[in-house]
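These notes are about the structure you will find just below.
Computed from a predicted structure; not experimentally measured.
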Amino acid sequence: SRALLDNNENEWSAENCHIMIFNRDVTHLAEATELLNQISIKNRPLLIICKSLKKEAAQVLFENNSRGRIKVCAVKLPVFKGSPHQHLWLEDLAILTGTKIIDEENGIPLSEFKYSDLGFARQITVDISRTKIIESKRQESAIKSRIKMYAEDLNKLLGEKERRDT
């Protein structure tokens, strides 16, 4: 994924980092003021994964970052051209990082997103083309459920192929 880094930076890294995933453009952060204050008070860095970061939101984050209030990096979501499975991929990422997806249609609205909804990783490294999330807060029961769902889908596909081949 493409990272939105400061002009002078080639890489961003953080330890004990919170994670927010938006399945939309981030146009403003007025609804997240309290959440950003909580992150700042706890002195935790924040990784934002979103479709794009619009000027007003980017300006708020940049100012808070430059004043030392919050260490933040935004990463653009990868584009799955024509794929109907992008939301499933985002759900998998949310499960693996322990967060909820901010999306008015298929997730929760930003106005309802709480500090406890943030994802977490022990270490995150971002460069212009890659984002590494290490030792994230996983939702183990959701992972097992997702693996079971994928195994059932695979069995259906293999069963259908075998039926066609005979």
Side-chain angles (χ1 to χ4, degrees), residues 1-134 136-139 142 146:
S1 359
R2 190 150 168 75
L4 306 168
L5 300 168
D6 284 341
N7 293 338
N8 304 355
E9 294 182 9
N10 293 323
E11 185 176 281
W12 182 87
S13 59
E15 292 185 4
N16 301 318
C17 187
H18 285 302
I19 301 167
M20 292 176 78
I21 300 174
F22 291 81
N23 189 21
R24 63 175 176 85
D25 297 333
V26 179
T27 55
H28 58 51
L29 293 166
E31 296 171 323
T33 303
E34 181 60 33
L35 177 64
L36 293 174
N37 283 336
Q38 288 178 309
I39 295 168
S40 175
I41 289 167
K42 295 191 186 262
N43 198 26
R44 297 283 177 121
L46 175 65
L47 174 67
I48 296 175
I49 303 171
C50 59
K51 287 185 178 179
S52 72
L53 191 63
K54 299 300 181 187
K55 186 177 182 179
E56 183 182 329
Q59 196 169 5
V60 167
L61 293 174
F62 178 77
E63 256 193 55
N64 281 293
N65 194 43
S66 64
R67 292 182 180 181
R69 290 184 186 141
I70 188 169
K71 183 177 178 182
V72 64
C73 182
V75 176
K76 289 184 181 182
L77 282 172
V79 178
F80 298 99
K81 299 220 183 224
S83 172
H85 304 293
Q86 178 153 351
H87 189 72
L88 289 174
W89 182 86
L90 279 177
E91 286 177 359
D92 288 347
L93 183 59
I95 288 168
L96 290 171
T97 58
T99 190
K100 294 182 180 176
I101 299 170
I102 300 167
D103 180 4
E104 282 68 18
E105 294 175 20
N106 297 313
I108 64 171
L110 181 56
S111 60
E112 295 176 18
F113 195 86
K114 300 179 197 84
Y115 187 83
S116 60
D117 296 327
L118 288 166
F120 180 83
R122 187 183 58 76
Q123 183 178 11
I124 295 178
T125 305
V126 176
D127 65 29
I128 197 71
S129 61
R130 236 184 339 234
T131 301
K132 294 179 188 176
I133 300 173
I134 301 167
S136 59
K137 176 177 83 176
R138 300 173 181 203
Q139 300 170 7
R146 189 60 71 134

Self-check item: Residues in salt bridge (Lys or Arg N to Asp or Glu O under 4.0 Å) contact with E56, at least two apart in sequence or another chain
Solution: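 By the salt bridge (Lys or Arg N to Asp or Glu O under 4.0 Å) rule, E56 matches no residue at all.
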
Self-check item: For E31, all residues meeting salt bridge (Lys or Arg N to Asp or Glu O under 4.0 Å), sequence neighbours excluded
Solution: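 In terms of salt bridge (Lys or Arg N to Asp or Glu O under 4.0 Å), with neighbours along the sequence ignored, E31 is linked to no residue.
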
Atom pair [atom1] ([X]) and [atom2] ([Y]), whose distance is rounded to the nearest 0.5 Å:
X    : Y    : atom1 : atom2 : value
I101 : F113 : CD1   : CZ    : 10.0 Å
N23  : W89  : CG    : CH2   : 10.0 Å
H18  : L46  : NE2   : CG    : 8.0 Å
K76  : K51  : NZ    : NZ    : 13.0 Å
I21  : E91  : CD1   : CD    : 10.5 Å
N16  : I124 : CG    : CD1   : 10.0 Å

Quiz item: What do the steps show when you test N65 against K71 for side-chain contact (heavy atoms from CB on, under 4.5 Å), and what is the final call?
Solution: CA-CA 5 Å; N65 194 43; K71 183 177 178 182; 4.2 Å; yes

Quiz prompt | Any side-chain heavy-atom pair of T97 and I49 under 4.5 Å | solution =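 No, their side chains stay 4.5 Å or more apart.
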
Exercise. Would you check if F62 and L53 make a side-chain contact, meaning some heavy-atom pair closer than 4.5 Å?
Key: no

Pair up each side-chain donor or acceptor in residues 38-45 with any protein partner under 3.5 Å, not counting sequence neighbours, and list the distances.
unit_1 : atom_1 : unit_2 : atom_2 : d
S40    : OG     : R69    : O      : 2.7

Quiz item: Of all heavy-atom pairs between L110 and H28, which one has the smallest distance, and what is that distance?
Solution: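 For L110 versus H28, the nearest heavy atoms are CD2-O, 4.3 Å.
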
Quiz item: For the residue pair L47 and C17, what are the closest heavy atoms and their distance?
Solution: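 Of all heavy-atom pairs spanning L47 and C17, the closest is N-SG, 3.6 Å.
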
Exercise. Return yes when atom NZ of K100 has more than 12 non-hydrogen atoms of other residues, nucleotides or ligands closer than 6.0 Å, and no otherwise.
Key: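 Open.
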
Quiz item: Stepwise, does the side-chain contact (heavy atoms from CB on, under 4.5 Å) test hold for W12 with V75?
Solution: CA-CA 11 Å; W12 182 87; V75 176; over 6 Å; no

Exercise. Walk me through it: do V72 and N64 pass the test side-chain contact (heavy atoms from CB on, under 4.5 Å)?
Key: CA-CA 9 Å; V72 64; N64 281 293; over 6 Å; no

Self-check item: Test log, rule side-chain contact (heavy atoms from CB on, under 4.5 Å), inputs V26 and M20
Solution: CA-CA 11 Å; V26 179; M20 292 176 78; over 6 Å; no

Quiz item: Counting N and O atoms only, with roles assigned by atom type, does the side chain of D117 sit under 3.5 Å from a partner on the main chain of K114, one being a donor and the other an acceptor?
Solution: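 Yes; at least one donor-acceptor contact below 3.5 Å.
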
